[in-house]
Structure formats: C-alpha cells, structure tokens
2 protein chains.
Amino acid sequence: MAKQNTVFKDAFNRCVKLLEQTPSLPSEPELGTTLGVSRTTVRAILTRLEEVGLLTWEKRRKIVLRKPEAADYFPTEETDSLSEIIERSFMRRILAGGAEPGMQINELELAREIGIGTTSVREFLIRFSRFGLIEKRPNSHWVLKGFTRDFALELTEVREMFELRSAAAFAHLPEEHPAWQELDTIEAVHHAILADIENRYLDFSELDERFHLLVHRASKNRFVVDFYDVIAIVFHYHYQWNKTNARQRNARALEEHLSYIAALRSRDPARIEKACRQHLKSARETLLQSIN
Amino acid sequence: MAKQNTVFKDAFNRCVKLLEQTPSLPSEPELGTTLGVSRTTVRAILTRLEEVGLLTWEKRRKIVLRKPEAADYFPTEETDSLSEIIERSFMRRILAGGAEPGMQINELELAREIGIGTTSVREFLIRFSRFGLIEKRPNSHWVLKGFTRDFALELTEVREMFELRSAAAFAHLPEEHPAWQELDTIEAVHHAILADIENRYLDFSELDERFHLLVHRASKNRFVVDFYDVIAIVFHYHYQWNKTNARQRNARALEEHLSYIAALRSRDPARIEKACRQHLKSARETLLQSIN
DNA sequence: CTTTTGTCTTTTATCGACAATAGACAGATC
DNA sequence: GATCTGTCTATTGTCGATAAAAGACAAAAG
C-alpha cells in the first residue's frame with residue numbers, strides 16, 4: 001500500500017459513534033469539521049455507511065437505518081496511525097526491553113520487525129531524536145543513548161527551569177484569560193479523582209499532562225511549550241510501565257497539584273515558587289526511583 | 001541516482017590537498033581515519049587518484065606521481081551534502097526572500113525547485129521543525145511561522161536562561177578540564193582578529209559559535225547543548241545576510257567576549273553573571289535590529 | 001601477533017511511484 | 001446569496017528499489 005487509510009477508519013468509527021445518538025447526519029462540510037477530516041474522507045465514510053446498511057444517503061438526505069453494533073466499527077488496532085505504532089513499539093524496546101545504552105539501532109531491522117517500510121522508520125527516528133534518547137551517526141547507524149539516570153537528571157533540570165518561569169508567568173495572566181477557567185476545570189477533576197482514588201488513580205497520568213502543559217503555555221514561549229513534549233512522552237511511558245506504588249504516588253501528586261493550583265490562584269510569587277519546587281522535587285524523585 | 005556520492009567527492013578533494021604535502025600516503029585504515037570515511041570510500045579515492053594519474057597504487061605502495069592541479073579537484077558545488085543544499089536554499093527563501101508568516105510550504109514544489117526528491121525535502125523539514133520556524137499540519141501542508149520579532153524574543157529568552165546557567169557551571173569545571181585550554185585558544189583568536197579587525201571582522205561569526213558552544217557544553221546537559229543548534233543556525237544566517245555595521249558590531253562583540261572570558265577565568269559568580277548578561281543583551285539587540 | 005589488504009555483505013540515503021487525503025471550483029439546491 | 005454537492009486536481013504518506021557508503025572477516029604481509 002501507498003498510504004494507510006487510518007484517518008478514514010478512525011473518522012469512520014467516530015462517525016458511527018455519532019450515529020448512535022442522532023437519527024440523521026448534517027451536511028458534508030459540517031460533518032468534516034466535526035470529525036476533523038476533509039470532505040473527501042467524509043464522502044468515503046458516507047459511502048461505507050451506506051454499504052454496511054447503516055444509512056440511506058442521497059444528496060442532503062442522510063437517514064440512519066438502524067442502531068450501530070460492535071461489528072460495524074473497525075478494530076481499534078487498525079485506527080492507529082503508523083507513527084503511533086512505531087512510537088509504541090520503539091518505546092517498549094527501549095524502556096521495557098533490555099536495551100542497553102550504546103546499542104546500535106538498525107533502521108532496516110526495526111522496519112522489518114514492525115512490518116513497515118524503512119522511510120517511515122527513518123522519519124520517526126528523525127522526529128524522535130529531539131527527545132535526546134538517540135543520536136545519529138551520519139551515513140551510519142543510530143546510537144541509543146538510553147533512558148539513563150543522566151538522561152533523567154538533564155531532563156528534570158531543564159524542566160524545573162522552564163516550569164518555575166512558566167508558573168511565575170502564570171500569575172501575570174490577565175483575569176479574563178481562558179487559562180484561569182481551564183485551571184478551575186482541572187482542579188475540579190483533581191477533586192473528583194481524589195474522591196474515588198481507589199478506582200481512578202490511573203486517570204492521573206492524563207490529568208498531569210493537561211495541568212503541566214497549561215502551566216508551560218503561560219510562558220508564551222514556543223521552545224518552552226515544545227519542550228513539554230519531551231517531558232510528556234517520558235512521563236507517559238514511565239507511568240505506563242512502572243506501576244509500583246502507583247496509587248500512593250498519584251494520590252500524593254494530586255495533593256501537591258492542589259497546593260500548586262491554590263498558589264497560582266493567590267498570584268503570590270513566593271508561594272507559587274514554593275509549591276512548584278515542592279512538586280517538581282517529588283516528581284523528579286519518582287522518576288529517578290524507577291531507573292535504579 | 002540512489003545516493004549522492006558527495007562523501008566520496010569531498011573526501012577525495014581533502015585527500016588531494018593532503019597529496020600536495022606528502023610524497024606518499026599511509027595505509028587504508030589510517031587514511032580512512034584521517035579523512036573520516038570508511039575504507040570502502042578510501043579505496044574508491046585511491047582508485048580515482050590512480051585513474052587521473054596522481055598516484056601509483058599497488059598494495060602498500062602509494063607513490064605520488066605529480067603535484068595536484070586545480071583541475072584535479074571536484075568542483076565545490078558537488079561536494080555539499082544534499083541536506084546542506086536544502087538548508088541553504090530554504091533559509092534563503094525564509095530569511096532573505098519575501099516569505100510571510102502564515103505562508104504554506106509545499107514539499108513537492110520545494111523538491112522540484114531544488115531539483116531533488118520529495119523524501120529528502122520531507123526529512124529536512126522534519127529535522128528543521130525543531131527550530132520553531134515551521135509547523136506541520138498532519139496530512140496537509142507545513143506552515144511557515146516566520147522569522148518574526150516574537151521568534152527572536154522567545155529564542156533569546158531561552159538562550160539567556162541556558163547560557164547564564166552554563167556560564168555559572170563553567171566556573172566549577174576542574175582546573176584540568178580541557179575546556180580551560182580551549183578557552184585560552186579562543187581568547188588568542190579573539191586578540192588575533194581584533195589586531196586586524198579591518199580585514200578579519202567576518203571571521204567573528206565562526207568564532208562566536210565556537211565560544212558560546214564551549215560555554216553551553218559546561219552545562220553538561222544535552223538539552224542545553226542541543227538548543228545551541230537553534231541559536232547557531234539563526235545567528236549564522238543572520239550574520240550572512242545582514243552585514244550593515246558588521247565591522248563595528250563584531251568589534252564590540254569581540255571586546256565583550258574578552259571581558260566574559262576574563263570573568264569566567266576569575267571564577268567569580270557575580271562577575272561572570274554580569275559579563276554574560278552584558279553580552280547577551282547586546283546580542284539580543286543586534287538580532288532584533290535586523291528584524292524590524 | 002598486529003596491521004594491512006582483498007573480498008563480500010549489510011545498511012543508509014535517495015529516488016520515483018501510487019493510494020489516501022486534502023482542497024478547489026462550478027453548478028445545484030435551499 | 002449562502003451553503004451544499006459533484007467532480008476534478010494537487011499534495012501527502014508510504015512503499016520498494018538501488019547506488020553509495022559502512023563495515024565484517026579471512027588471508028596476506030610485516
């Protein structure tokens with residue numbers, strides 16, 4: 001194949017879910033906006049909906065014929081984009097598998113293992129290289145630098161620099177800035193998770209990312225915001241593969257976030273710095289623990 | 001063609017230059033190390049040297065037959081790697097040419113214009129995206145964010161954070177660390193250029209990069225060091241296309257560097273910070289001037 | 001026994017091709 | 001007259017193929 005049709009399949013699935021609620025569908029451009037795809041893809045979706053007997057479609061008349069069933073959806077494995085597949089596969093190798101620092105990375109081997117072309121692997125590695133975990137030797141292989149203690153320390157050093165500055169900038173956002181409202185929402189989710197911590201402690205990972213990204217955005221600096229990608233990916237996979245004491249750790253982090261949020265709202269620089277440092281310190285310790 | 005043989009051509013040229021001085025050549029592995037290429041390429045070079053009548057080559061006997069002439073070298077246009085060509089071409093478009101922020105970037109068009117395949121352009125854009133000047137819309141075009149005032153301010157903000165910290169770390173390098181010796185060398189070059197500033201002021205650009213990179217390396221943080229790439233590329237092209245008052249600006253920067261170097265050598269934190277801030281401030285002003 | 005050379009295999013860099021997806025434009029419909 | 005649909009074109013994402021370059025290994029030379 002020349003190109004995966006994951007955009008189509010993913011949008012199709014989301015459209016079927018939409019179908020469960022409405023008896024008909026809006027116009028093609030509107031549906032395109034809702035699903036975040038082009039009209040070409042919308043039309044492909046409509047064609048298929050008709051084929052599987054979920055819809056009658058004639059120009060503007062789009063009438064739902066029956067309730068969607070589980071079998072109508074594409075399997076979730078088929079809706080992941082190629083780069084997501086490569087990323088997961090690669091991160092598993094270097095975080096979970098016994099991948100030692102200094103190891104060579106072979107494009108061809110990786111491609112064959114995942115069952116894709118070399119171009120995609122190359123592009124992934126180039127994109128991934130900005131995370132500082134791998135390095136290219138021109139005309140030769142990539143070298144795995146590894147998820148080492150040094151890596152974690154360098155990462156957190158920059159993170160702390162950036163986040164302290166962003167947190168300070170947050171206090172100066174005007175009252176009407178949407179970030180304050182998002183902060184309220186995020187705080188509410190914190191309380192909700194804490195209230196049912198036993199069952200929901202795994203929801204923390206996503207919330208953590210949402211909160212810190214909000215803080216980083218206050219810096220209004222693209223390099224600071226972009227750097228948060230590096231932090232996010234590391235913590236994301238770290239949470240995924242290291243679940244010892246997760247409940248306890250997450251509960252503690254949630255409490256720290258709440259103090260941090262309260263400090264931000266007070267707009268008191270000293271208090272903000274204190275709460276921020278406190279949380280960053282325990283985040284660093286958590287990360288370091290998982291390495292040694 | 002599948003691959004440019006620029007590695008061969010460039011190494012060949014460097015080898016011919018080597019030939020001007022010695023009557024014979026060392027072993028294949030040694031020559032490979034000197035030129036920074038593999039033995040395969042070394043043998044290709046030797047083969048061609050023999051073909052053009054510069055060398056007799058039989059096993060270990062490699063005897064130079066005549067002095068190289070200008071015609072023996074490959075033209076310099078042919079020794080630039082593809083990514084260098086793309087980079088220059090692209091930077092000219094966005095810095096020199098009238099490229100407005102928000103403009104779309106078309107891979108195919110770029111490729112045709114430069115006369116290369118789309119894959120190379122794509123890979124270049126992916127690598128280049130970390131400089132924060134362009135942004136990808138998945139399944140669609142790239143957007144030029146442009147070399148704007150905001151860009152320059154965000155860049156220098158991070159630069160100042162990183163460099164102040166690196167400069168402070170420099171003071172703690174042990175006496176025997178090679179950086180101190182490199183600092184001496186760099187200082188000497190400063191004096192040399194200043195002594196003949198009228199003719200050599202354009203040498204500043206390269207020296208500037210060498211000096212600041214040395215400072216950033218003292219941070220021992222890969223993210224800090226990697227970020228210097230962004231600064232370097234921006235200043236590099238900035239120096240290249242904005243030469244108004246260059247002599248005067250560079251002379252001033254050289255003087256600032258000298259104070260900065262003296263401060264580093266004093267290991268006095270307050271003095272280092274002052275000299276560093278002073279220089280960063282005027283570097284920022286220079287950059288901003290060139291934008292508006 | 002260390003280094004060099006001859007030979008061979010593996011890997012990277014780059015290209016062109018093509019399906020998926022985006023997007024443009026004119027005529028049709030409200 | 002604004003929005004929608006039908007149709008067509010342009011661009012992106014991915015693949016396999018191939019020359020350039022790296023690199024492995026054994027035999028030869030010091």
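Throughout, a chain's letter reflects where its sequence line sits, starting with A, and its residues are numbered from 1.
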Tell me which donor-acceptor pairs under 3.5 Å the side chains of residues 133-147 of chain B have, and how far apart each pair is, sequence neighbours excluded?
unit_1: B/Glu135; atom_1: OE2; unit_2: B/Lys145; atom_2: NZ; d: 3.2
unit_1: B/Lys136; atom_1: NZ; unit_2: B/Ser140; atom_2: O; d: 2.9
unit_1: B/His141; atom_1: ND1; unit_2: B/Gln104; atom_2: NE2; d: 3.3
unit_1: B/Trp142; atom_1: NE1; unit_2: B/Glu107; atom_2: OE2; d: 3.2

The helix from C/dC1-D/dG30 to C/dC30-D/dG1: angle between terminal helix axes, five bp per end, to the nearest 10 degrees, reads 30°
How many Å lie between [atom1] on [X] and [atom2] on [N], as a whole number?
{"X": "B/Glu109", "N": "D/dT11", "atom1": "CD", "atom2": "P", "answer": "7 Å"}
{"X": "A/Glu107", "N": "D/dC15", "atom1": "CD", "atom2": "P", "answer": "13 Å"}
{"X": "B/Gln4", "N": "D/dT18", "atom1": "CD", "atom2": "P", "answer": "18 Å"}
{"X": "A/Lys3", "N": "D/dG16", "atom1": "NZ", "atom2": "C1'", "answer": "18 Å"}
{"X": "B/Ile126", "N": "D/dG13", "atom1": "CD1", "atom2": "C1'", "answer": "10 Å"}
{"X": "B/Glu123", "N": "D/dT14", "atom1": "CD", "atom2": "C1'", "answer": "12 Å"}
{"X": "A/Leu25", "N": "D/dT5", "atom1": "CG", "atom2": "P", "answer": "11 Å"}

Requested in this report: Go through residues 27-46 of chain B and report each residue with a non-hydrogen atom lying under 4.0 Å from DNA chain D, sorted by number.
Outcome: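 B/Val37, B/Ser38, B/Arg39, B/Thr40, B/Thr41 - these, ordered by number, are the residues of the stretch whose heavy atoms sit under 4.0 Å from the strand.
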Expected list for residues 113-121 of chain A near DNA chain D, using heavy atoms below 4.0 Å, is A/Ile116, A/Gly117, A/Thr119, A/Ser120
- Item | Residues forming a side-chain hydrogen bond (donor to acceptor under 3.5 Å, both in side chains) with B/Asp203, sequence neighbours excluded |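 Partners of B/Asp203 under the side-chain hydrogen bond (donor to acceptor under 3.5 Å, both in side chains) test: B/Arg200.
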- request: Write out all pairs satisfying side chain to side chain donor-acceptor pair (under 3.5 Å) with one or both partners inside residues 68-86 of chain A, taking only residues at least two apart or from two chains.
  value: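 Found A/Lys9-A/Glu78, A/Glu20-A/Tyr73, A/Arg66-A/Asp72, A/Asp80-A/Arg88, A/Ser81-A/Ser83.
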I'd like to check [X] versus [Y] (side-chain heavy atoms, cut-off strictly below 4.5 Å). Are they in contact?
{"X": "B/Thr56", "Y": "B/Leu65", "answer": "yes"}
{"X": "A/Leu49", "Y": "A/Leu25", "answer": "yes"}
{"X": "B/Pro23", "Y": "B/Ile63", "answer": "no"}
{"X": "B/Ile85", "Y": "B/Ile114", "answer": "yes"}

Testing the basics here: between A/Ser120 and A/Ile116, what is the closest heavy-atom pair and its distance to 0.1 Å?
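That closest heavy-atom pairing would be CB-CD1, 4.2 Å.
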Review point. Base, sugar-phosphate, or nothing for A/Lys9, non-hydrogen atoms under 4.0 angstrom?
Key: nothing
| field | Contact boundaries on DNA chain C for chain B, cut-off under 4.0 Å to non-hydrogen atoms | value |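 On DNA chain C, the outermost contacted nucleotides are C/dT4 to C/dG23.
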Please list every donor-acceptor pair under 3.5 Å in which a side-chain atom of residues 220-238 of chain A meets a protein atom from a residue at least two apart or in another chain.
unit_1: A/Asn221; atom_1: OD1; unit_2: A/Phe223; atom_2: N; d: 2.8
unit_1: A/Asn221; atom_1: OD1; unit_2: A/Val224; atom_2: N; d: 3.4
unit_1: A/Asn221; atom_1: ND2; unit_2: B/Glu154; atom_2: O; d: 2.9
unit_1: A/Asn221; atom_1: ND2; unit_2: B/Glu157; atom_2: OE1; d: 2.9
unit_1: A/Arg222; atom_1: NE; unit_2: B/Glu154; atom_2: OE1; d: 2.7
unit_1: A/Arg222; atom_1: NH1; unit_2: B/Gly132; atom_2: O; d: 2.6
unit_1: A/Asp229; atom_1: OD2; unit_2: A/Arg130; atom_2: NH2; d: 2.7
unit_1: A/Tyr237; atom_1: OH; unit_2: A/Glu87; atom_2: OE2; d: 2.6
unit_1: A/His238; atom_1: NE2; unit_2: A/Asn242; atom_2: ND2; d: 3.4
unit_1: A/His238; atom_1: NE2; unit_2: A/Ser290; atom_2: OG; d: 3.2

List in numerical order all residues of [range] for which some heavy atom is under 4.0 Å away from an atom belonging to DNA chain C.
{"range": "residues 71-85 of chain A", "value": "none"}
{"range": "residues 52-61 of chain B", "value": "B/Lys59, B/Arg60"}
{"range": "residues 133-143 of chain B", "value": "B/Asn139, B/Ser140, B/His141"}

Task: From CG (B/Leu31) to NZ (B/Lys62), nearest 0.5 Å - done: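 The CG atom of B/Leu31 sits 7.5 Å away from the NZ atom of B/Lys62.
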Pair listing, ring pair (Phe, Tyr, Trp, His ring centres under 6.0 Å) test, anchored in residues 108-127 of chain B, at least two apart: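 Residue pairs with at least one partner in residues 108-127 of chain B: B/Phe90-B/Phe124, B/Phe124-B/Phe128.
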DNA chain D nearest-nucleotide lookup for B/Ile105 and B/Val7: closer to the 5′ end is B/Ile105
D/dT14 phosphate, OP1 or OP2: any side-chain N/O from A/Asn5 under 4.0 angstrom?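 For A/Asn5, the contact criterion (side-chain N or O under 4.0 Å from OP1 or OP2 of D/dT14) is not met.
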